[in-house]
Amino acid sequence: GFFISSGTLVANTTLTTFNDTPGTDDNYYYRITALDNVGNEGSASPENNSQVNTNAPSILNVNVQYPFGQTSTKTNNIIKVTAQITDPEGVQTVRINLTNINGSTDVPMVDDGTSGDIVSGDGIYTVQTIVTVLTTGTVQSEINATDNNNNLRTISLPITLDNTAPSLGSITVRYPNGQGSQAKEGDTVLLYASLGSDVMNAWMDCGNLSGNNNVTMTNNGDRKSTRL
């Protein structure tokens, strides 16, 4: 306990309400006394306390999960964003701005075992969303988390979009030795295609030559090739 004195006095006021603005996070204790017009002071009120906490939630381990085998996403893909959110006062809301992904400005992230969330109540918040934009490049989305004291933490995360088709360079046909630029039934023809470094897989439609509509081309450094 404590007594009101010049060393503990916060303020004098003639109003019935008073707003204090403590400088740091802590527990603050208050007592009130009243004085009349001639200076007679009444008994002090019982102690009352208020806890000040301005610490916003922690946002950790943010992850963007692209479709299997991809390092970026494109229109009509579904991506998942997860983040670990913690706060000793309790997490109130977690929301994400997906304007640059599909135009949605305020989408809830959940920790209830639904909508792509794996484990309910584990502190990992999740959102699954479909990509609708047609741009290529890295865009930013914001995660906003509030605790039960309405303290807000915001972080930005990059999401990589790729709606640009692979680049295709020259195609070279290698015929059997001595046959110039001709081939006959039973010959082996080697086809080379010069492709960009962004190409993951390549196929060639060879239906008119061998009856195979989709022949996988093998990677040979900066070129891909197939034999017919």
So, [X] versus [Y]: side-chain donor-acceptor pair below 3.5 Å or not?
X	Y	result
Thr132	Thr75	no
Ser120	Asp111	no
Glu142	Thr154	no
Thr99	Thr105	no
Ser115	Gln128	no
Asn97	Ser141	no

[X] [atom1]: over 12 foreign heavy atoms closer than 6.0 Å:
X	atom1	result
Asp36	CG	yes
Ile118	CD1	no
Lys80	NZ	yes

Donor-acceptor pair, [X] side chain versus [Y] backbone, under 3.5 Å?
X	Y	result
Thr33	Gly42	no
Arg153	Ala145	no
Asn100	Gln140	yes
Asp147	Gly90	no
Arg31	Pro46	no
Asn102	Ile130	yes

Kindly indicate whether the side chain of [X], heavy atoms from C-beta on, has any atom under 4.5 Å from the side chain of [Y].
X	Y	value
Thr126	Met109	no
Leu161	Val133	yes
Val81	Asn63	no
Asn76	Val131	no
Val10	Asp20	yes
Ile101	Val139	yes
Pro67	Ile79	yes

Can you tell me how far the [atom1] atom of [X] sits from the [atom2] atom of [Y], to the nearest 0.5 Å?
X	Y	atom1	atom2	value
Asn61	Ile124	CG	CD1	6.5 Å
Ile32	Ser45	CD1	OG	5.0 Å
Tyr125	Asp117	OH	CG	9.0 Å
Ser58	Asp87	OG	CG	7.0 Å
Thr136	Asp162	OG1	CG	5.0 Å

What pair of heavy atoms forms the shortest contact from [X] to [Y], and how long is it?
X	Y	value
Leu157	Ile96	CD2-CD1, 4.3 Å
Tyr66	Pro158	OH-O, 4.4 Å
Pro108	Val127	O-CG2, 3.9 Å
Leu152	Ala56	O-CB, 3.4 Å
Asn148	Glu89	ND2-O, 2.8 Å

Joint hydrophobic cluster, [X] plus [Y], side-chain heavy atoms closer than 4.5 Å:
X	Y	result
Ile159	Ile143	yes
Val107	Val110	no
Val94	Ile155	yes

Would you call Asp106 and Arg95 a salt bridge, taking side-chain N to carboxylate O under 4.0 Å as the test?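 Salt bridge between Asp106 and Arg95, a charged N being under 4.0 Å from a carboxylate O: yes.
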Derivation of the side-chain hydrogen bond (donor to acceptor under 3.5 Å, both in side chains) call for Asn77 and Gln70: CA-CA 11 Å; Asn77 278 173; Gln70 296 180 200; 3.1 Å; yes
With sequence neighbours excluded, residues passing side chain to side chain contact (heavy atoms under 4.5 Å, CB included) with Pro176: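 Applying side chain to side chain contact (heavy atoms under 4.5 Å, CB included) to Pro176 gives Gln179, Asp187.
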Who pairs with Asn150 by side chain to side chain contact (heavy atoms under 4.5 Å, CB included), at least two apart in sequence or on another chain?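 Expected list: Gln92.
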By side-chain hydrogen bond (donor to acceptor under 3.5 Å, both in side chains), which residues pair with Thr13, not counting sequence neighbours?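 Thr13 satisfies side-chain hydrogen bond (donor to acceptor under 3.5 Å, both in side chains) with no other residue.
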